[in-house]
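None of these values were measured; they are calculated from a predicted model. Just so it is clear: chains get the letters A, B, ... in the order the sequence lines come, proteins before strands, and each one is counted from 1.
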Number of protein chains: 2
Amino acid sequence: MAPQTKTRTLSTADERRETLIEAALPVFGRRGFHAASTVEIAEAAGISQAYVFRLFPTKVDLFVAAAAEGSRRMLATFRAASDDARSSGTDQLEAMGRAYTGLVERDRDVLLMQLQSQVASPGEPKIREQMQSCFREIYELVAGRSGAGAEEMRAWFAHGMLCNVMAAIEAENLKDEWARALTAGD
Amino acid sequence: MAPQTKTRTLSTADERRETLIEAALPVFGRRGFHAASTVEIAEAAGISQAYVFRLFPTKVDLFVAAAAEGSRRMLATFRAASDDARSSGTDQLEAMGRAYTGLVERDRDVLLMQLQSQVASPGEPKIREQMQSCFREIYELVAGRSGAGAEEMRAWFAHGMLCNVMAAIEAENLKDEWARALTAGD
DNA sequence: GAGGTGTAAGTTAGCACTCACTCACACTTT
DNA sequence: AAAGTGTGAGTGAGTGCTAACTTACACCTC
């Protein structure tokens, strides 16, 4: 790139925006849109609250950016799993399903962010639009790669949604029959 | 409006608590735990905000009561559908599934409350406990009546969760392929 | 020195929750 | 049957706190 000075102390706004999004994702994911405060997020990102509002005009815009980042991570995971399955010849749909449960264990924040975005959707049109395109992109990728039909796709997504909910209510550590049955295969 | 009556008739605290819960459910469902204010709920119930806190010690307790009411409505719906299916000899699991999609259309607040309770669970132990017992009760009722095994139950719940999410992001009016596929059967 | 990076110190609005108080009314007492 | 009285129903007007967002200014970098 540019012959930049090695002693630069300031970041570019774009770099900061990137780190801010990364810091915001887990906070929004764990606390939700309304309960997460911009002060908390600013602290997590290591910048002042004022600068948050220089980088994103409103809290909603920051939330949408974080949701988009979550969506990007999911897509990347699916794409990688599909590539693997393609070369090893295993079932595409199953491979991508496994990739999701793997992601969920490794990077729980993405899952929580997904859930939080879903419930924030009815009240915030910008978030709703982001969620709709998230579903569209995943659907197109997964259906395209696997060749699965509508019925199969519905079952595949449904299972993913169940995983999310079971994680949110922390059913996986419970010994009860219902919890065992509903978290099986995660 | 009627000329300010000098006399007001009092209810019992239990009656008021009941109407308060009924008023709170849609507000919490649509706005979420944190975004819904106790002022808004008090107005919906037609009482003063101060009295809300006489009837429930904290906002969380009110939320849990509203979630429990939602859970009760779902259980009643399933029980009725199961009774019907029993006398007409149709499939129990399918009958209860249909009953759910019917409930969701008729009484969307119950669905939204369910979703809001799910995401509020990680942060509020009381809410989480309520959600877990909600799932347990539904599981026991549905598994008991239908005789379905773990695998079948998982698919049944998964489909329900997908319905919830599709409703939250308002996918049902969309024409796109993904939206059509994922909302089919609702 | 112009323009981008960054912040300390606000402002305004809304929140959950409290307090001191009034009113309705069932149940005596006369 | 009228007057008195005890108690639960109900509220207006706060409290202190925290939220999102702004302004004015300092400091880098080129």
Side-chain angles (χ1 to χ4, degrees), chain A residues 1-24 27-28 30-66 116 120 123-127, chain B residues 1-24 27-28 30-66 116 120 123-127:
Chain A
M1 271 269 160
Q4 274 325 351
T5 77
K6 52 253 175 210
T7 55
R8 189 187 161 96
T9 57
L10 301 184
S11 307
T12 67
D14 281 348
E15 281 167 357
R16 277 289 192 218
R17 236 185 301 268
E18 215 37 62
T19 66
L20 177 56
I21 289 170
E22 232 113 86
V27 179
F28 276 133
R30 283 196 267 266
R31 316 250 293 128
F33 175 65
H34 290 281
S37 82
T38 53
V39 173
E40 199 179 349
I41 292 167
E43 276 166 12
I47 61 173
S48 69
Q49 187 207 22
Y51 199 36
V52 170
F53 286 94
R54 174 78 58 95
L55 295 171
F56 289 94
T58 68
K59 190 186 179 186
V60 170
D61 291 298
L62 174 56
F63 186 92
V64 169
Q116 298 288 1
E124 295 285 346
K126 284 182 183 176
I127 298 177
Chain B
M1 216 171 274
Q4 166 69 323
T5 60
K6 181 71 177 10
T7 58
R8 55 183 170 167
T9 51
L10 303 183
S11 308
T12 67
D14 281 347
E15 280 166 357
R16 278 288 189 220
R17 235 185 302 268
E18 214 40 61
T19 66
L20 177 56
I21 289 170
E22 232 113 87
V27 179
F28 276 132
R30 283 195 267 266
R31 315 250 294 128
F33 175 65
H34 290 281
S37 83
T38 54
V39 173
E40 199 180 348
I41 292 168
E43 275 165 12
I47 61 173
S48 68
Q49 188 207 20
Y51 198 37
V52 170
F53 287 94
R54 176 74 59 97
L55 296 171
F56 289 94
T58 67
K59 190 187 179 186
V60 170
D61 291 299
L62 174 56
F63 186 92
V64 169
Q116 299 287 2
E124 293 286 347
K126 283 184 184 175
I127 298 177

What is the separation between atom CZ on B:Phe53 and atom P on D:dG12, rounded to the nearest whole Å?
16 Å
Checking all strands, does B:Ala13 fall into the base, sugar-phosphate, or nothing category for heavy-atom contacts under 4.0 angstrom?
sugar-phosphate
Between CD1 of A:Ile47 and CD1 of A:Ile41, what distance do you get to the nearest 0.5 Å?
10.0 Å
At less than 4.0 Å, is any side-chain N or O atom of B:Thr38 found next to OP1 or OP2 of C:dA16? Yes or no.
yes
Looking across every strand, which nucleic acid part, if any, lies under 4.0 Å from B:Ala36 by heavy atom: base, sugar-phosphate, or nothing?
sugar-phosphate
Just the rounded figure in Å: distance from C1' of D:dT18 to NE2 of A:His34.
15 Å
Value in whole Å for how far the C1' atom of D:dT29 lies from CD of A:Glu15:
14 Å
Contact between B:Phe33 and B:Lys59 at the side-chain level, heavy atoms closer than 4.5 Å - yes or no?
yes
Quick check on C:dC15: is either OP1 or OP2 less than 4.0 Å from any side-chain nitrogen or oxygen of B:Ser37?
yes
Nearest 0.5 Å please: distance from the CZ atom of B:Arg16 over to the CZ atom of B:Arg54.
13.5 Å
The residue, A:Val39 or B:Arg16, whose nearest nucleotide of DNA chain D is more 5′ is B:Arg16
If we only count heavy atoms from C-beta on, is the A:Phe56 to A:Arg17 side-chain gap below 4.5 Å?
yes
Roughly how many Å is it from CZ in B:Phe63 to P in C:dA16, rounded to a whole number?
13 Å
Heavy atoms from C-beta onward define the side chain here; which of D:dA20, C:dT5, D:dT11 lies closest to that of A:Thr12?
C:dT5
In whole angstroms, how far is the P atom of D:dT23 from the OH atom of A:Tyr51?
18 Å
Regarding the side chain of B:Arg54, the nearest nucleotide among C:dA16, D:dG10, C:dA8 is D:dG10
Take atom CD of A:Glu43 and atom P of D:dA19, then tell me their distance rounded to the nearest Å.
10 Å
Taking the inter-plane angle between the rings of A:Phe28 and A:Phe63 on a 0 to 90° scale, is it parallel (under 30°), tilted (30 to 60°) or perpendicular (over 60°)?
perpendicular
Closest nucleotide among D:dA19, C:dA16, D:dC21 to the A:Thr58 side chain:
D:dC21
If you find the nucleotide of DNA chain D closest to B:Gln49 and the one closest to B:Asp14, which residue's nucleotide is nearer the 5' end?
B:Asp14
Whole angstroms only, please: what is the CD1-P distance between B:Ile47 and D:dG8?
18 Å
Please report the distance, rounded to the nearest Å, between CG in B:Leu20 and P in D:dT11.
12 Å
